[in-house]
Trainee: 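This is the structure I have questions about; it appears just below.
Heavy-atom basis, side chains included; hydrogens, waters and symmetry copies ignored.
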Amino acid sequence: MHSLLILASLLATPLPEATQEAAPLIPERPQLMKGEIARLDPYGGWRDDSRRAPDLLALLGEQNRWTDQQLAAQKPLETTLQGEWQARERGEPVPEEWLSAAGSQWRMAADGSLWQRSDANATPRQRLAPRQPAEGYYELAAWSLHPDGRLLALAEDNRGDRDYRITLLDLASGETLATLAHRASDLLWSLDGKTLYTIANERRTLRPWQLWAWQAGKEALVHQEADPAWLLSLYRTTDNRHLVLQSNNHDSSEQYLLDKGGPTLLRAREHGLEYYLDTQGDRVLVKSNRDGAMGLYQAPSLASLATAPWQPLWSGEGREIEKWRLFARYTVLQYRKAGDDWLDVLDADGRLTHSLALTEGAGTAWIQGAHDPASQQILIRRQGMAEAPHQRWLDLASGQWQAADKPVANPLYQSERRWVVGKDGVKVPVSLVWRKDIHSPKALLLYGYGAYGTPMRPYYQPQVLSLLDRGFVYAIAHVRGGGLLGEAWYKEGRGQQKQHSVDDFLVVADSLARDPAIDPARLFAMGGSAGGLLVAAALNQAPTRFAGAVLQVPFVDLLGTMQDPELPLTRQEYGEWGNPAIPADHAAMARLSPYDNLHPAPYPPLYVTAGLHDSQVPYWEPLKWLARLRAHSTGAGPYLLHTELDGGHLASAGTAQQKAAREYAFLLSLAGVRH
């Protein structure tokens with residue numbers, strides 16, 4: 001089987017119309033990397049924290065130009081794909097959310113424009129022009145309107161590094177009252193409207209660590225988180241009566257009230273204890289893992305949160321809470337059980353009144369948007385891999401849907417969930433979708449993530465349908481380390497257990513390759529960020545399993561990054577990846593780290609992306625990894641790198657579709673599809 005895959009890879013690559021010249025050299029720049037065990041990194045010298053070194057920018061520009069040349073022949077296919085995506089059914093649009101404040105309703109668009117209307121029947125008028133530039137990266141992460149509607153605070157990012165700039169505007173005059181740099185995206189006005197609270201980022205690590213209060217043109221430091229593994233955040237309770245300052249790490253939390261300006265501690269931090277409160281009138285509810293699984297409790301009062309016992313309302317044993325909403329007369333919980341989405345409705349006394357299954361198999365559903373606490377209904381949005389998004393209202397009193405469910409599954413496509421027996425006997429869930437009327441053996445794109453307990457939901461993706469129409473199966477491997485099957489599933493794929501994620505991914509690939517409906521010589525892989533680590537590690541351990549792969553901003557220098565506490569996220573993520581100061585953790589990371597485990601092998605063709613200003617996965621990780629892979633690989637390639645020079649970890653709205661078209665066209669071309 002492996003020899004067949006190698007032959008297919010060689011036949012499929014390089015892209016026939018591409019030029020055959022060698023890739024421009026990424027020269028070695030050896031640098032001694034400090035850490036618990038020092039190591040010589042052959043490409044470590046390409047790290048430039050300023051992102052402005054002329055030789056670096058020249059190198060990245062040269063790599064981009066060569067990649068463009070290699071992929072020039074697929075441009076017509078990219079254009080065709082984008083045209084198809086524009087024309088595809090997208091399902092019901094997400095309802096517009098309007099904020100009621102200062103006697104009006106307000107809505108902020110993603111381009112930074114602000115709209116105001118008197119009521120739901122009035123014609124909106126624009127109060128602020130779009131702030132998104134014609135070119136380059138832009139993200140509006142958050143906005144906060146002053147209670148009287150006169151002032152507007154915006155959290156914006158023009159680089160892609162998530163080091164936000166807070167701009168405070170006077171809407172009447174258009175004057176900029178303040179510009180606050182190096183901030184997180186959290187924004188809250190005080191209850192009296194006199195103070196704007198923001199959180200400052202630590203300069204090198206970008207850790208949200210200081211609470212600042214802006215008032216009448218002056219700023220004052222209110223609170224600072226001293227522990228480098230902990231982060232600050234802000235939110236307002238459902239009833240808008242309290243402001244909460246939260247500090248947490250990966251498995252513990254601590255909260256403060258800001259109602260009187262200075263922070264008032266609610267309950268001191270305890271290792272391994274998480275608690276997150278919300279209030280609705282006199283009800284104080286707390287989501288917490290106090291008894292093991294994350295459950296819901298009611299506390300007598302905010303003042304007694306640390307001293308009085310909590311009344312258990314809902315146990316998370318065997319299920320994973322994802323969202324919860326407080327209403328005047330109800331509490332609604334959305335959770336996952338055995339991979340499916342459920343909804344429970346509790347009355348004001350905490351008694352269960354309704355329990356509803358929202359999905360079964362390869363579908364997903366969730367509570368959509370904000371809600372009016374005085375309402376007696378909640379909006380649920382649902383979709384599946386072959387089912388376009390739609391939504392319906394649930395009456396909380398009766399537990400009945402206000403309209404019949406109207407799934408909009410396309411009859412051309414079929415989706416399902418399968419269970420694959422893993423390397424150690426564990427059953428790994430896989431979500432698949434394909435076109436029913438194509439019967440010849442299909443190519444397969446296998447997607448994986450498997451980190452942070454994040455469940456990769458089986459969303460409806462119009463882009464994927466273009467793959468299916470051209471004879472692909474699209475599959476998501478829900479490997480350990482992800483969260484589809486709950487907390488235990490997550491813990492079995494993190495830290496020293498991370499190899500389980502890779503084992504699961506490869507056993508899913510092997511199982512699908514044995515399916516008679518799938519062409520084993522045309523298996524492809526895709527992963528982004530932590531999913532890029534998953535795919536890159538799988539390529540090291542089974543370099544001939546896949547005929548090609550796309551790695552999006554991949555986290556591939558596991559050991560190097562986790563040994564540098566000055567990098568963003570490192571100190572906060574020892575619980576996820578391991579602490580190199582612990583010998584067993586260091587050994588596990590050294591065995592898995594994609595960069596450190598490259599070896600002579602026929603690696604398949606690869607398309608790799610990076611963002612120059614990416615603060616989560618710095619650009620040098622994909623750059624170094626691809627350079628070292630080229631030096632080791634005995635395969636024909638191509639091994640392509642494209643670095644977004646004015647972007648970061650996520651694609652901006654204006655370029656996301658173009659980037660996806662290039663990635664999909666690359667895989668289609670490798671599979672022998674040209675149109």
Trainee: Could K427 and D504 be called an ion pair, given the rule that one side-chain N must be under 4.0 Å from one carboxylate O?
Mentor: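 Looking at K427 and D504, the cut-off is not met.
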Trainee: Just do the side chain to side chain contact (heavy atoms under 4.5 Å, CB included) check on V433 and Y474 with the steps written out, would you?
Mentor: CA-CA 6 Å; V433 63; Y474 178 74; 3.9 Å; yes
Trainee: Measuring from atom OH of Y449 to atom OG of S529, what distance do you get when rounded to the nearest 0.5 angstrom?
Mentor: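 The distance works out to 5.0 Å.
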Trainee: Could you state the interatomic distance from CD1 (I438) to CG (L468), rounded to the nearest 0.5 Å?
Mentor: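 The CD1 atom of I438 sits 8.0 Å away from the CG atom of L468.
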Trainee: Would you mind checking if R39 and D596 are paired as a salt bridge, meaning a charged N to carboxylate O distance below 4.0 Å?
Mentor: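 Yes, this pair counts.
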Trainee: For the CD atom of Q132 and the CG atom of N158, what is their distance to the nearest 0.5 Å?
Mentor: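 One gets 9.5 Å once the value is rounded to the nearest 0.5 Å.
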Trainee: Does the side chain of R494 reach to within under 4.5 Å of the side chain of W577, using non-hydrogen atoms?
Mentor: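 Side chain of R494 against side chain of W577, heavy atoms only: no contact under 4.5 Å found.
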Trainee: Can a donor-acceptor pair be found, under 3.5 Å and without considering hydrogens, that links the side chain of R88 to the backbone of P462?
Mentor: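 Answer holds: yes.
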Trainee: For H478, which residues count as a side chain to side chain donor-acceptor pair (under 3.5 Å) partner, sequence neighbours excluded?
Mentor: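 Partners of H478 under the side chain to side chain donor-acceptor pair (under 3.5 Å) test: S431.
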Trainee: Treating T561 as the side-chain partner and D557 as the backbone partner, does any N or O pair qualify as donor plus acceptor under 3.5 Å?
Mentor: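 Answer holds: yes.
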Trainee: Under 4.5 Å between any side-chain heavy atoms of Y452 and E573, yes or no?
Mentor: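 In short, these two side chains touch, coming nearer than 4.5 Å.
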Trainee: Between S593 and M589, is there a donor-acceptor pair closer than 3.5 Å when you use the side chain of the first and the backbone of the second?
Mentor: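 No; zero donor-acceptor contacts below 3.5 Å.
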Trainee: Within a 6.0 Å radius of atom NE2 on H599, are there more than 12 heavy atoms belonging to other residues, nucleotides or ligands?
Mentor: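 For H599, atom NE2 is crowded (more than 12 foreign heavy atoms under 6.0 Å).
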Trainee: Closer than 3.5 angstrom, by distance alone: can the side chain of S633 be matched with the main-chain N or O of Y603 as a donor-acceptor pair?
Mentor: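 Pair found, side chain donor or acceptor close to backbone of Y603.
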Trainee: Quick one: does any side-chain atom of T570 pair with a main-chain N or O of D564 as donor and acceptor, under 3.5 Å?
Mentor: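 Here the side-chain-to-backbone pair exists.
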Trainee: Is there a donor-acceptor pair under 3.5 Å between the side chain of W85 and the backbone N or O of S466?
Mentor: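 Answer holds: no.
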Trainee: Taking atom types as modelled, find out whether T609 and Q552 have a side-chain donor-acceptor pair closer than 3.5 angstrom.
Mentor: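 Q552 and T609 do not have a side-chain donor-acceptor pair below 3.5 Å.
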Trainee: Are E416 and R418 ion-paired here, with the side-chain N under 4.0 Å from a carboxylate O?
Mentor: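 Yes, this pair counts.
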Trainee: Under the 3.5 angstrom rule, does the side chain of R480 hit a backbone N or O of W489 as a donor-acceptor pair?
Mentor: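 Looks like no, no N/O pair under 3.5 Å.
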Trainee: Any donor-acceptor pair under 3.5 Å linking the side-chain atoms of D163 with those of N201?
Mentor: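 A donor-acceptor contact under 3.5 Å links the two side chains.
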Trainee: Do you know which two heavy atoms are closest between A525 and V535, and how far apart they sit?
Mentor: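 Nearest heavy atoms, A525 then V535: CB-CG1, 3.9 Å.
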Trainee: Report the C-alpha distance between D49 and W620 in whole Å, list the side-chain angles of each, state the deciding distance to 0.1 Å, and finish with yes or no for side chain to side chain contact (heavy atoms under 4.5 Å, CB included).
Mentor: CA-CA 10 Å; D49 290 328; W620 56 79; 3.4 Å; yes
Trainee: Taking Q74 for its side chain and R662 for its backbone only, find out whether a donor-acceptor pair lies under 3.5 Å.
Mentor: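 Yes.
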Trainee: With distance as the sole test, does H632 use its side chain to make a donor-acceptor pair with the main-chain N or O of R628 at under 3.5 Å?
Mentor: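 Yes, H632 side chain to R628 backbone: donor-acceptor pair under 3.5 Å.
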Trainee: Please tabulate, for side-chain N and O atoms in residues 53-61, each donor-acceptor pair with protein atoms closer than 3.5 Å (sequence neighbours left out).
Mentor:
residue: D55; atom: OD2; partner: R29; partner atom: NH1; Å: 3.2
residue: D55; atom: OD2; partner: R29; partner atom: NH2; Å: 2.3

Trainee: If the test is side chain to side chain donor-acceptor pair (under 3.5 Å), which one of Q616, H613, H649 qualifies with R162?
Mentor: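 When Q616, H613, H649 are each tested with R162, the side chain to side chain donor-acceptor pair (under 3.5 Å) holds only for Q616.
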Trainee: Quiz question: by atom type and distance under 3.5 Å, do the side chains of E202 and H182 form a donor-acceptor pair?
Mentor: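 No - no donor-acceptor pair under 3.5 Å links their side chains.
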Trainee: Inspect the contact between R183 and E156 and indicate whether a charged nitrogen and a carboxylate oxygen are less than 4.0 angstrom apart.
Mentor: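 Salt bridge absent between E156 and R183.
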Trainee: Tell me, please, which residues at least two apart from Y664 pass side chain to side chain donor-acceptor pair (under 3.5 Å).
Mentor: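 Expected list: none.
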Trainee: So do I476 and V430 actually touch side chain to side chain, heavy atoms under 4.5 Å?
Mentor: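 No, their side chains stay 4.5 Å or more apart.
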Trainee: What's the spacing between F666 CZ and Q70 CD if we round to 0.5 Å?
Mentor: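 Spacing of CZ (F666) from CD (Q70) equals 10.0 Å.
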Trainee: To the nearest 0.5 Å, tell me how far Q461 CD sits from Q383 CD.
Mentor: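 Reported value, rounded in 0.5 Å steps: 8.5 Å.
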Trainee: Got a sec, which residues hit side chain to side chain donor-acceptor pair (under 3.5 Å) with R630, two or more places apart in sequence or on another chain?
Mentor: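 For R630 the side chain to side chain donor-acceptor pair (under 3.5 Å) partners, ignoring immediate neighbours, are Q63.
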Trainee: Just so I know, are the side chains of W625 and L598 near enough to count as touching, which here means a heavy-atom distance under 4.5 Å?
Mentor: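 They are in contact (side-chain heavy atoms under 4.5 Å apart), so the answer is yes.
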Trainee: Among pairs that include at least one residue of residues 641-652, which meet salt bridge (charged side-chain N to carboxylate O under 4.0 Å, His left out), considering only residues two or more places apart or in two chains?
Mentor: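 Applying salt bridge (charged side-chain N to carboxylate O under 4.0 Å, His left out) to every pair that reaches into residues 641-652, excluding sequence neighbours, yields E644-K659.
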Trainee: What's the verdict on side chain to side chain donor-acceptor pair (under 3.5 Å) for D585 and Q496, showing C-alpha distance, side-chain angles and the deciding distance?
Mentor: CA-CA 6 Å; D585 283 3; Q496 294 180 28; 2.7 Å; yes
Trainee: Are the charged groups of R545 and D510 less than 4.0 angstrom apart, N to O?
Mentor: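 Looking at R545 and D510, the cut-off is met.
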Trainee: Can you confirm whether E28 sits close enough to D41 that some side-chain heavy atom of one is under 4.5 Å from a side-chain heavy atom of the other?
Mentor: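 No; the side chains remain at least 4.5 Å from each other.
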Trainee: Enter the distance from E663:CD to Y607:OH here, rounded to the nearest 0.5 Å.
Mentor: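 So the CD of E663 and the OH of Y607 are separated by 6.0 Å.
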Trainee: Does D424 reach the side chain of D503, with side-chain heavy atoms less than 4.5 Å apart?
Mentor: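 They are not in side-chain contact.
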Trainee: Can the positive tip of K436 be found less than 6.0 Å from the middle of the six-membered ring of Y413, inside 45° of the ring normal?
Mentor: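 Verdict for Y413: no cation-pi partner in K436.
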Trainee: Determine whether L592 and Q499 satisfy the following criterion, side chain to side chain contact (heavy atoms under 4.5 Å, CB included), listing intermediate values before the conclusion.
Mentor: CA-CA 7 Å; L592 186 73; Q499 180 59 41; 3.4 Å; yes
Trainee: Side-chain contact test, heavy atoms from C-beta onward, threshold under 4.5 Å: evaluate it for L77 versus T79 and give yes or no.
Mentor: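 Of all side-chain heavy-atom pairs linking T79 with L77, none is under 4.5 Å.
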Trainee: Backbone N or O of K442 within a donor-acceptor pair of the W434 side chain at under 3.5 Å?
Mentor: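 Here the side-chain-to-backbone pair does not exist.
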Trainee: Do we see a donor-acceptor contact under 3.5 Å between the side chains of Q31 and Y43?
Mentor: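 There is no such pair between these side chains.
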Trainee: Is the shortest side-chain heavy-atom distance between P130 and Y138 below 4.5 Å?
Mentor: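 No - every pair of side-chain heavy atoms lies 4.5 Å or more apart.
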Trainee: According to side chain to side chain donor-acceptor pair (under 3.5 Å), who are the partners of R435, at least two apart in sequence or on a separate chain?
Mentor: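 Partners of R435 under the side chain to side chain donor-acceptor pair (under 3.5 Å) test: D437, D469.
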Trainee: State whether a side-chain donor-acceptor pair under 3.5 Å links Q463 with E84.
Mentor: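 The answer is no; no qualifying pair exists.
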Trainee: Do L446 and L523 pass the side chain to side chain contact (heavy atoms under 4.5 Å, CB included) test, and can you show the C-alpha distance, the side-chain angles, and the key distance before you say yes or no?
Mentor: CA-CA 8 Å; L446 182 62; L523 262 63; over 6 Å; no
